[in-house]
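One structure is given here, and the rest of the page talks about it.
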Amino acid sequence: MKLKSQINHVIKEAFIKAGIELEPMSVSEASKPEFGDFQFNGAMALSKKLSKKPRDIASQILENLDLTGILSKAEIAGPGFINLWLNPLWLAKECHDALHDDRLGIGLRDTPIKVVVDYSGPNMAKQMHVGHLRSTIIGDTLANLLTFLGDEVIRQNHIGDWGTQFGMLIAYLEEMHEDGNVSLKDLEQFYKDAKARFDADTHFSNKAREYVVKIQSGDKHCLQLWQKFIDISLGHCEEVYEKLDVKLTRNDVRAESFYNDDLSQVISILREQGMLEQSNGAQCVFLEGDEVPVIVQKGDGGYLYATTDLAALRYRAQKLGAKRISYVVDARQAEHFKQVFRVAKEAGFVGGDVLLEHVAFGTMMDKGGKPFKTRDGGTVKLIDLLDEAIVKAKETINNKEEYTQDKIDEIAKVIGIGAVKYADLSINRESNYIFNWDKMLSFEGNTSLYMQYGYARIQSIFRKHNAQIQGDIIIGDSVEHRLATMLLRFEDVLNRAAADASPNQITTYLYELVTLFMRFYEQNPILKTGVDEKTKMSRLQLSAFTAKTIKQGLEILGIKVVDKL
RNA sequence: GCGCUUGUGGCUCAAUUGGAUAGAGCAUCAGACUUCGGAUCUGAGGGUUAGAGGUUCGAGUCCUCUCAGGCGUACCA
């Protein structure tokens, strides 16, 4: 239900009937219940253009407003706001229809586009750490969301598998030969050991440097070793993805190495375009207004990450045909992407109609506001963090005898992982995020457990009712009215969240929805004695609609629900 | 130095992209239990939105300056 655009349509008709030829601005949700459900603020904005008093314009619109369909009431307030009330009968019918629709009445895009979402991007030389968490889950959410809305989403995992360090790593792997699985178990340690060996033994370090060249020139033996290393390392990542319940697979991997053959081409195209300039021995693109250039080739002939990113942009726009390319990457790389995007457009790698966006996010901090580290100052491995979340979640579960150990494990995983994801996704992605176990696993406030609790509560009602539900929805009081309106707003919220690539708009919505439902539930008995059948059926349907919306919303966030906590 | 970015009750976050009296949760205080799951709900106190100007019908949001923090700043990614 595109609620706003439906109301906008009614306003537009009033404009036409009133003889106002300008395009009306969009309505917005009322800031308070007293001000109705929606409000139209366009009268003030038109005041100057029409050289009339805002209130006169407002009443002119009001006189021509159709109050027989979607809207039932409208009032002028303050300097010229028009407050709008939705028609309860219309609300009831729309809720009924949406509830019985597989997609909750949410339409697919009229003109779907191909979207590349680039996210996660772990480095194969190291184990995934907490720094990868945000990219992975924000990216996954964006991909889920756009897919749900009907876009053709291409997930891309731009893993770091190329560069000087891999010579050292595969040389060391070769030395350890047999059973790489065991020796690579702790990648961090493996890296440290290899580095120690590299620093201590010149024979080894020479070999490592040799191997770098050999991989890049396609030496079979070295490539085999490299491939083995990557496979094992990627296996570690997949373990994390599985635990995180993220949809990335091996098919989504387009590693840095994938673009290796395109790099020289990128340089030659830039040269043909006359964009290249030699500076201090390096090949650079100088952008107007920027002091620092984009370096695309080092003095020694080597390529850089900007080069690879340009090749990737070219591939995504030209080969994959993407019209929107979203990079879910740490905010600290804002400068880099701004430059690379500009170069890509100016060089014609990417057409002018393609939206390039850096979906930036802030750093994860500890309670004291310092970057998140282990006690001894090391990076926190992502897998350890997730395991801890599951252990902590287990402690919060009501330990009833009815649960088997397997069931508890299952619930703990859903709850624990969901809590980690929700806590992250629920804050504005651009600000730094303070990681706090207690807050994350609390049942109070805007947390995943509050949503889970709300959902479980509704499931409990249905377990108790356990019979057919039929009849109409009747909007009985103001709480039901607000709940119904909130439910129908879901599509607007999703579209907005998709346009802004901001998952926290979804969590904010879900929190408001569940809060409203809790109030409804406290005030309006459903199964208690004394509730007449029609009211009961109506309230059951509102509850069912709420539960479905919670489930769908959390699913987009990559969070599962459980029927019982 | 230059550039980007952030600054909202004690704490953690919102604010429909310029709309009405800046909203929530935690914490504090006061209420509601013969519970459709109280892991809940109702209410109270707590703010010159870092500061100063400006733009206009209207500013937490836009512009300028100041203060404070974070990040980036040519051959790592």
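In what follows, every chain begins at residue 1, and chains take the letters A, B, ... in the order their sequences are listed. Everything numeric in this text was worked out from a predicted model, so none of it was measured.
- Using a 4.0 Å heavy-atom distance criterion, A:Thr164 is classed as making no nucleic acid contact.
- Within the 4.0 angstrom heavy-atom criterion, no nucleotide atom of any strand lies near A:Asn495.
- A salt bridge does not link A:Asp532 with A:Lys534: none of the charged nitrogens is closer than 4.0 Å to a carboxylate oxygen.
- Looking at heavy-atom distances under 4.0 Å, A:Met44 makes contact with a base.
- Judged purely by atom type and a 3.5 angstrom limit, A:Ser442 has no side-chain atom pairing as donor or acceptor with the backbone of A:Asp438.
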| query | What dot-bracket string describes RNA chain B from 5' to 3', counting Watson-Crick and G-U wobble pairs whose defining distances are under 3.5 Å, with [ ] for crossing pairs and | for pairs to another strand? | reply | (((((((..((((.....[...)))).(((((.......))))).....(((((..]....))))))))))))....
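- Taking a cutoff of 4.0 Å between a charged side-chain nitrogen and a carboxylate oxygen, A:Asp118 and A:Arg316 qualify as a salt bridge.
- Of the residues in residues 536-544 of chain A, none has a non-hydrogen atom less than 4.0 angstrom from any atom of RNA chain B.
- Between A:Leu270 and the choices A:Leu276, A:Thr307, A:Val294, the side chain to side chain contact (heavy atoms under 4.5 Å, CB included) rule is met once, by A:Leu276.
- Of the candidate nucleotides B:rC75, B:rC41, B:rG37, B:rC75 has the atom nearest to the side chain of A:Leu304.
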| task | Sugar-phosphate atoms are those with a prime plus P, OP1 and OP2; base atoms are the rest. Using that split, label each nucleotide of nucleotides 5-12 of chain B B, S or - for protein heavy atoms under 4.0 Å, 5' to 3'. | result | -------S
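- To the nearest whole angstrom, the two P atoms, one in B:rC65 and one in B:rG1, are 15 Å apart.
- For A:Tyr521 and B:rC36, the ring-to-base geometry satisfies the stacking test (centroid distance below 5.5 Å, interplanar angle below 30°).
- The aromatic rings of A:Phe490 and A:Tyr509 lie parallel to each other, their planes meeting at an angle below 30°, with 60° marking the opposite boundary.
- Among the heavy atoms of the strands, none lies under 4.0 Å from A:Asn123.
- A:Glu256 comes within 4.0 angstrom of sugar-phosphate atoms only, judged by non-hydrogen atoms across all strands, and of no base.
- Looking at residues 31-38 of chain A, you'll see A:Ser31, A:Lys32, A:Phe35 sit with a heavy atom under 4.0 Å from some atom of RNA chain B.
- Remark: A:Lys126 is positioned above the aromatic ring of A:Tyr191, its terminal NZ or CZ atom under 6.0 angstrom from the ring centre and at most 45 degrees off the axis.
- Between A:Tyr422 and the choices A:Leu449, A:Ile417, A:Thr507, the side chain to side chain contact (heavy atoms under 4.5 Å, CB included) rule is met once, by A:Thr507.
- One C1' atom belongs to B:rG7, the other to B:rG51, and the distance between them is 11 Å to the nearest Å.
- B:rG25 and B:rG9 have their C1' atoms separated by 13 Å, given to the nearest Å.
- Of the listed nucleotides (B:rA14, B:rC4, B:rG37), B:rG37 has the atom at the smallest distance from the side chain of A:Ser460.
- Here B:rA20 is the nucleotide among B:rG37, B:rA20, B:rA77 with the atom lying nearest to any side-chain atom of A:Asn83.
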Can you give me the N/O atom pairs linking the protein to nucleotides 26-35 of chain B at distances under 3.5 Å, or say none if there are none?
residue, atom, partner, partner atom, Å
B:rC26, OP1, A:Glu444, OE1, 3.4

| message | What verdict does the side-chain contact (heavy atoms from CB on, under 4.5 Å) test give for A:Met365 and A:Thr363, after you've listed the backbone C-alpha separation in whole Å, the side-chain angles of each residue and the deciding distance to 0.1 Å? | response | CA-CA 6 Å; A:Met365 305 295 201; A:Thr363 314; 4.2 Å; yes
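- Residues satisfying the side chain to side chain contact (heavy atoms under 4.5 Å, CB included) test with A:Lys548, not counting sequence neighbours, are A:Leu99, A:Leu104.
- Among the heavy atoms of the strands, none lies under 4.0 Å from A:Gln165.
- As judged by a 4.0 angstrom heavy-atom cut-off over every strand, A:Asn524 is placed among the base-contacting residues.
- Here the rule is ring pair (Phe, Tyr, Trp, His ring centres under 6.0 Å) with A:Trp162, and of A:Tyr259, A:Trp226, A:Phe258 only A:Trp226 fits it.
- When the shell of 6.0 Å around NZ of A:Lys2 is examined, it contains more than 12 heavy atoms from other residues, nucleotides or ligands.
- Within 6.0 Å of atom CD in A:Glu291, 12 or fewer heavy atoms from other residues, nucleotides or ligands are found, so the atom counts as exposed in its surroundings.
- The aromatic ring of A:Phe81 sits over the base of B:rA20, with ring centres less than 5.5 Å apart and planes tilted by under 30°.
- Among the heavy atoms of the strands lying under 4.0 Å from A:Ala77 is at least one base atom, whether or not backbone atoms are also near.
- Between the C1' atoms of B:rC26 and B:rG46, the separation comes to 14 Å (whole Å).
- In this structure, of B:rA74, B:rC76, B:rA14, it is B:rA14 that holds the atom nearest to the side chain of A:Asn504.
- Residue-to-nucleotide proximity on RNA chain B shows that, of A:Asn446 and A:Ala30, the 5′-proximal contact is made by A:Ala30.
- Listed pair A:Tyr453 / B:rC41 fails the phosphate criterion, with no side-chain N or O lying under 4.0 Å from OP1 or OP2.
- No contact: A:Pro54 has no heavy atom under 4.0 Å from any strand.
- Here, B:rA15 and B:rC4 have their P atoms 24 Å apart, quoted to the whole Å.
- Each of A:Asn41 and A:Lys338 lies near RNA chain B, and the nucleotide nearest A:Lys338 is the one positioned closer to the 5' end.
- For B:rA77 and B:rU40, the P atoms lie 49 Å apart once the distance is rounded to whole Å.
- In this structure, A:Met518 and A:Arg457 have side chains that are in contact, with non-hydrogen atoms separated by less than 4.5 Å.
- Phosphate contact (OP1/OP2 of B:rU42, side-chain N/O of A:Arg519, threshold under 4.0 Å): present.
- When each of B:rC57, B:rA74, B:rA15 is scored by its nearest atom to the side-chain atoms of A:Asn280, the top-ranked nucleotide is B:rA74.
- A:Ala282 comes within contact range of at least one nucleobase, with a heavy-atom separation under 4.0 Å.
- With both ends at atom C1', the span from B:rA30 to B:rG45 equals 11 Å, rounded to whole Å.
- Among the heavy atoms of the strands, none lies under 4.0 Å from A:Gly160.
- Note on A:Lys48: a side-chain N or O is less than 4.0 Å away from OP1 or OP2 of B:rC57.
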